[in-house]
Structure formats: structure tokens, C-alpha cells
Amino acid sequence: MRTVIVNATVVTMNKNGDVYHPGFVMFEDDVITMAGEMKDLEEKAGHLDAKLIDGKNGILIPGMVNLHTHMGMVPFRGLGDDCKDRLRVFLIPMEQKAMDQELVYLSTRYAAGEMLLAGVTTVMDMYYYEEEAAKAMDEMGMRAIAGQTVMDEGACDFKDPKEALSYGENLIKKYLNHPRITACIAPHGTTTCSPEVLKEAYRIDSSYEVPFTLHTAEMDYEMEYLEKEKQMTPVGYLDSIGVLGKDTLAAHCIHMTEEDLDLLKERRASVAHCIGSNTKAAKGVAPVSGMNKREIAVGLGTDGPASGNTLDILTQMKLCADFHKNETKDRSAFPASDIVKMATIQGAAALGLDGITGSLEPGKQADLVLIETDSVNMFPVYDPYSALVYSANPSNVEAVYVAGECLVEGKRLKKNDMEEIRRSLINKMKHTDFGKYIENKQELDV
Ligand SMILES: [Zn+2]
């Protein structure tokens, strides 16, 4: 079926940075076939056999990419906020007690709905029981990478990291030929996995050419441990054991030396920048200017809902611009067009998916998001990039397509019901041990 979205400001994010105003994007089934100025479409209008959708002067952008999150953690959102040791007090005990396959499935479905409603079309997830997550993301219609997390000490799904590795490899095989879903092994971090586990995960991921992602240079204890035990930085350590390469997506990269940045560039590794999560946890601000200067593929991640609370990239865009302007003491640094790049084409490049998604141009998958400009906060619009970064919020997301399929229409999920998704999750949360941990912390009634 051929569809054309007309009368929108089309922000293509192609190499030339073309913006068509007013413009159109045409796609046939899952593939974009044409994009351009309205006047060019009108020339051909007589021959058009297509479904026309009025963009109503909204801003049409490529679907946004969330490079780092843990979708199974929706039930933990808001727990341990403003608390010094959230990880040990809340998260680890609750995960061990309450997390099971069904909760991962229901939470991931919720997170996918939340992200789609906010215009995120591609996500790199890492968590446990990732087969359930992959199933949920597929059913919701997202483009996703399901990263099976592995830890030395074991987790809620597998006590033995070897079992988690082989579960991860089977999951990769299961999704090898899927049009939207890929799986990978996502070791937890540089100090929570032994070098043997890291190397084996990297060997498996690289052999299937899927991303190898892990938490890197994020925690104070991580920095101290590697300095004491190996006299190395996390990035230097990953390189020393041979797991830093073009498939490596290092999440966070807050504590970096100039040499670390050079190494990332040299090895063609990419970075998931999680500004909201990092600053909320008072961990610091990653040196993104240095990454951009070296043209390292750096995109945006929300981190899990228990870390950064939101799962939308529009919020990260504004935080990224604000914090880095402040950090560099330069109001002109990190211009809005660069931030939109990080949220779209650079994010896609960080996952090796820039040949498929991340820009609106012929041949790419029809992953698109229409941001309406009728709401009070979206008036007036002089520059679409600045409206996206400084004015827009997820409530402005009008319509979302993934692989040409309309998943959000009129600000509501089209093929799923968010109320039903929420009710199922609430119901599950009431019937697990986990319930007692959240007493008086969260409103559970529908
Ligand atoms: Zn994380």
C-alpha cells in the first residue's frame, strides 16, 4: 500500500540536512519511496494512487532511537528516588524476589507502549528473560534489539553466567531473520562480569554481527576497582581484553580520559549517552564534545525507568542541550540540529542501523514521527530543530509509524490498548512478593 503524509515540515536528517517546508514523505509498504517539497508532489498528484494523510503543519521526523534502557524495570520507577544507595536498598533485592518471565513481558509491553507514544521507534533494551522482552517488543511493532544481560554473580533468570550466555546465543539465532527484532548478549558491566564472560559474549555477538553493549565508565566503584586491580580505565581495560570494536556500544562513558576517547574512535566503538539518568544520580556529565570532535557515533539513551524515570528521547534532547551548554559555558554549543542528529541518525549509526532507519530518505524503512504544532507550547515555530529540542514534549507526538505500520494515531496506540497493558501490569504487580516492597510507594489501583 502506498501512503503519503502531506503538508508537514519534513526534517529529513539526510546528509545534506534537507528540510522540506511544506513537504511530504511517501512510502510503499515498509519503505520510503520519496520525500520532498509539496510543490513537487503536486506536479505528480494526478498520477497518485495513494492514501493521503494530512500532516496539518506538524513536524515530521525520523523515529527516535533510545540507545540504552531496561524495559523490564517499569514496576521500579520512582522507588528509591533521592536515596543514596538505591541499587542495594531497593533494586537488587526486589529484582531477586519478584522478577519473573511474566513480569518482564508485561513491563516491556508497557515500556514499548510508553516509548511509541513518545515517538521512540527503535530501542536497545538490556535486561533478564530477554526472550519475553523480544516477544513483547515484536508484538508492539517496535524496531528493537533485545540484549540478554549476563552477570558473574547470577541474576533473577540464571544463577550461572554460562547458562545466560547460551540462552542469549539461542535468542540471537531465533531472531536472525526477523525484519525488526535483533537479539544480542549484553554483559552487565566492566566489573560485574569476568574477563572470560566479557570475551565470550563479545565473541558470540561479533560472530552474528549484533551489538555488544554494556555499562562502561559509569560508577565510582568501577573506576576505583579497575584502577586498583588493573591500573586501567574501563575503556582501556575493555580494549586490553579485545572487546572494544565496531560492534561495541558503551553505555554512559562518563569518566573518560583523552586516551579513552581516542581509543573509542580508533576502534570505531559507539556510545549511549544517558544524560538524564547520569545527572539525576549525580554521577557527572560525559565528555560528549570530545566524542563529537572525534566523530564517534554517540546517541541518546534514557536508561531504565528506575534510573531516569522517563523513557522518552525528547526529554533527553533538552537535558543534553542544557547540560552541555552549561558544561562548556557556551550558549551556542550543542545546537539543536546536532541534538536531533544524536536522537535519530547518530543513534541509528551507533547500532549499525543507519542504512535502515534514522533519516527520511528513499530506500530507508518508513519509521516516522509526526509532532503536532497546534498545542500551546508549540507556537510559534521558526526553526523546526529548536522547536523539537526546546519546546516539544511527548504529549505533542501525534502519529508514529514503524516499518510503514501506523502504531500511534491521534496520540493513541493504534493496534494495542494502553489501558489494557497498564491493567495487566498492575494486576501482575499485585500478585507477586514484589507487592510488599511497594506498599505505600505507588498507587496500584486503576
Ligand atoms: Zn543501564
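Atoms within a ligand are numbered from 1 in the order they appear, just like the ligands themselves. Residues: numbered from 1 along the sequence shown. Nothing here was measured: the structure is a model prediction, and the numbers come from that model.
- Here E361 does not pair with K15 in a salt bridge; the nearest charged N to carboxylate O distance is not below 4.0 Å.
- Between the side chains of H273 and H68, no donor-acceptor pair is found at a separation under 3.5 Å.
- Residue pairs meeting the salt bridge (Lys or Arg N to Asp or Glu O under 4.0 Å) criterion with at least one member in residues 263-274, sequence neighbours excluded, are D239-R267.
- Identified under the salt bridge (Lys or Arg N to Asp or Glu O under 4.0 Å) test for residues 142-159, with sequence neighbours left out: R143-D367.
- Under 4.0 Å is where a charged nitrogen must lie from a carboxylate oxygen, and between K428 and D100 at least one such pair does.
- Distances shorter than 2.8 Å separate the Zn ion (ligand 1) from the protein N/O/S atoms H68 NE2, H70 NE2, H215 NE2, D303 OD1.
- Partners of D220 according to the salt bridge (charged side-chain N to carboxylate O under 4.0 Å, His left out) rule, which considers only residues two or more places apart in sequence or in another chain, do not exist here.
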